[in-house]
Student: 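Right, I'll just put the structure down here and ask away after.
Predicted model, so just to flag it, every value in this text is computed and none were measured. Residue numbering restarts at 1 for every chain, and letters A, B, ... go by the order of the sequence lines.
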Amino acid sequence: MNHSSGRHKQKAEGDFFSRVYRLVACIPSGQVATYGQIAAMLGNPGAARTVGWAMQAASEGLPCHRVVSASGALSPPEVFGPGVQRERLEHEGVSFLPNGRIDLKHHLWSGEGVNLEGEVSGPW
DNA sequence: AGGTTGACTGGGG
DNA sequence: TCCCCAGCCAACC
């Protein structure tokens, strides 16, 4: 838990965290994105860990269960609860491989359709 | 201003 | 394929 104390410093909407949230909110149901992918889409290929941190501080409204590691592995069980993240994803139609990882070949978000009102200023 | 942290990643063994 | 290690980066303290 971390939202007990009112320590939310809503900074400028152009902050890295805000951009991450904006982008994560665009991940379609049934698809997933990797931490590194999010970071890269925002112009910081090396900020994957920071994206993870942003997820930790994310509000409940965000589909953070759709953000996974580059290997297709899910977040630690203690984050969403044992099996919770997998259930949510399967409920959205995401299939898993025998090794318990997501089939990124079929469910990795392409990043298309991010026609946000002024999202990112990257190469796309 | 500096040291620590982490829901990451890619490469090497 | 799994485990370990070094590099990365923004927020925290």
Student: CD of E78(A) versus P of dG6(B): gap in Å, rounded?
Tutor: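 Those two atoms, CD and P, are 12 Å apart.
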Student: R86(A): which residues meet the salt bridge (charged side-chain N to carboxylate O under 4.0 Å, His left out) condition with it, sequence neighbours left out?
Tutor: E90(A)
Student: Round to a whole Å and report the spacing from CD of Q56(A) to P of dC12(C).
Tutor: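 Those two atoms, CD and P, are 10 Å apart.
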Student: F16(A) has an atom CZ; how far is it from atom P of dA11(C), in whole Å?
Tutor: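 It is 8 Å, rounded to the nearest whole Å.
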Student: Nearest whole angstrom, please: distance from the C1' of dA10(C) to the CZ of R19(A).
Tutor: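 Rounded to the whole Å, the gap is 11 Å.
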Student: Separation of D15(A) atom CG from dA11(C) atom C1', in whole Å?
Tutor: 10 Å
Student: Mind calculating the distance between CE (M55(A)) and C1' (dA10(C)) to the nearest angstrom?
Tutor: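 Atom-to-atom, M55(A) to dA10(C), this comes out as 13 Å.
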Student: Does the Q85(A) side chain pair with the main chain of S75(A), one donor and one acceptor, at a distance under 3.5 Å?
Tutor: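 Present.
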Student: Considering only dC9(C), dA7(B), dA11(C), which nucleotide approaches the side chain of F80(A) most closely?
Tutor: dA7(B)
Student: Does any N or O in the side chain of D15(A) come within less than 3.5 Å of the main-chain N or O of F17(A), such that one atom is a donor and the other an acceptor?
Tutor: no
Student: Is the backbone N or O of F16(A) less than 3.5 Å from a side-chain atom of Y21(A), with the two atoms forming a donor-acceptor pair by type?
Tutor: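 Between the backbone of F16(A) and the side chain of Y21(A) there is no qualifying donor-acceptor contact (under 3.5 Å).
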Student: Rounded to whole Å, how long is the line connecting atom CD1 of I102(A) with atom P of dC8(B)?
Tutor: 14 Å
Student: Polar pairs (N or O, both sides) under 3.5 Å between protein and nucleotides 9-13 of chain B?
Tutor:
residue	atom	partner	partner atom	Å
dT9(B)	OP1	Y35(A)	N	3.4
dT9(B)	OP1	G36(A)	N	3.2
dT9(B)	OP1	A70(A)	N	3.1
dT9(B)	OP2	A70(A)	N	2.8

Student: Tabulate atom names and distances for all N/O pairs under 3.5 angstrom spanning the protein and nucleotides 5-7 of chain C.
Tutor:
residue	atom	partner	partner atom	Å
dG7(C)	O6	R49(A)	NH1	2.8

Student: Please report, rounded to the nearest Å, how far the P atom of dT1(C) is from the CG atom of L97(A).
Tutor: 10 Å
Student: I'd like to know if the side chain of H107(A) and the backbone of I102(A) have a donor-acceptor N/O pair within less than 3.5 Å.
Tutor: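 Such a contact is absent between H107(A) side chain and I102(A) backbone.
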Student: The side chain of R101(A) lies closest to which of these nucleotides: dT5(B), dC2(C), dC9(C)?
Tutor: dC2(C)
Student: Once side chain to side chain contact (heavy atoms under 4.5 Å, CB included) is applied, do any residues pair with A25(A), and if so which ones, sequence neighbours excluded?
Tutor: L62(A)
Student: Using atom types as modelled and distance alone, determine if a side-chain donor or acceptor of N44(A) lies under 3.5 Å from a backbone N or O of G46(A).
Tutor: no
Student: When all nucleic acid strands are considered with a 4.0 Å heavy-atom cut-off, which category describes F17(A): base, sugar-phosphate, or nothing?
Tutor: sugar-phosphate
Student: For A48(A), check side chain to side chain contact (heavy atoms under 4.5 Å, CB included) against everything at least two apart and list the hits.
Tutor: Y35(A)
Student: Under the rule for side chain to side chain contact (heavy atoms under 4.5 Å, CB included), what residues qualify as partners of A33(A), not counting sequence neighbours?
Tutor: I27(A), Q37(A), I38(A), W109(A)
